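Below, chain A is the first sequence line, B the second, and so on; all start at residue 1. Worth knowing before you read on, the calculation uses all heavy atoms, side chains too, and leaves out hydrogens, waters and symmetry mates. Note that the structure is a prediction, hence the values are computed from the model and not measured.
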Amino acid sequence: DVKVTQSSRYLVKRTGEKVFLECVQDMDHENMFWYRQDPGLGLRLIYFSYDVKMKEKGDIPEGYSVSREKKERFSLILESASTNQTSMYLCASSLPGSSVEQFFGPGTRLTVL
Amino acid sequence: AQSVTQPDIHITVSEGASLELRCNYSYGATPYLFWYVQSPGQGLQLLLKYFSGDTLVQGIKGFEAEFKRSQSSFNLRKPSVHWSDAAEYFCAVGAGRDDKIIFGKGTRLHILP
């Protein structure tokens, strides 16, 4: 059974803290993605990665960075968390190509106080 | 630029009734089209996808969707809904030159007993 796991289901942090969200996939997928999901806005792409050590900005990269040191792991970093980063964060992975399915993790609900 | 529109933010149907969720896309070439479902507290799961061939696509959980190029639509249907179908549904289009998927803002389905 294919699996994308995220390190936390719920996370509460304070303004200004550095936050790490971890995502691991066991499908040997080349592509990995980070989205944030907000009511009424759907899914918005933050960053994605085609391969180890490669990253591309998505639609809303401001305030975020990413790291992909190993093929199976893709980390999202909030350098200095702010209240407007309170959201649901979803990680996904896929094989190469825009016709292929993305597999999603269960999400991390982050609250920044 | 590619885009996806889901005109209905909320839809309420009675259990056992038929369902149609609307999706319109904007894309210059033949699109890759997807429907995903997100149950409460979960990540997204693929229901079905279209990338060529028969324009009526069958998916999991008894769902189907029909690609209509003339209307730029990819509507999702189910003949008889069950209470467990209550969820949020996302239409998406493959973005072509890269491996990104563009998601609509979602339609939340409510089921009346």
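Only the side chain of A/Q37 comes within contact range of chain B, with heavy atoms under 4.5 Å apart. B/Y50 does not touch chain A: none of its heavy atoms, backbone or side chain, sits under 4.5 Å away. Contacts of B/Q38 with chain A are made by side-chain atoms alone, with heavy-atom separations under 4.5 Å and no backbone atom involved. Heavy-atom distances place no part of A/R109 under 4.5 Å from chain B, backbone and side chain included. For B/I9, no part lies under 4.5 angstrom from a heavy atom of chain A. Contact of B/Q45 with chain A is not made at all, since no heavy-atom distance falls under 4.5 Å.
If you take CZ on A/R36 and CG on A/L90, they are separated by 11.5 Å, rounding to the nearest 0.5 Å. Summarising the geometry, atom CG belonging to B/L48 is positioned 8.5 Å from atom CD1 belonging to B/I60; distances are rounded to the nearest 0.5 Å. Between the NE2 atom of B/H82 and the CD1 atom of B/I111 there is a distance of 9.5 Å, given to the nearest 0.5 Å.
For the options B/I101, B/V93, B/L44, heavy-atom pairs under 4.5 Å to chain A are most numerous at B/L44. Comparing B/G104, B/G41, B/A92 by how many heavy-atom pairs each has under 4.5 Å with chain A, the most go to B/G41.
When A/F103, A/F104, A/Y35 are each tested for a ring-ring contact (aromatic ring centres under 6.0 Å, His included) with B/Y36, only one passes: A/F104.
Classification of the A/W34-A/F74 ring pair by plane angle, with boundaries at 30° and 60°, yields tilted.
Surrounding NZ of B/K105 are at most 12 heavy atoms belonging to other residues, nucleotides or ligands under 6.0 Å away.
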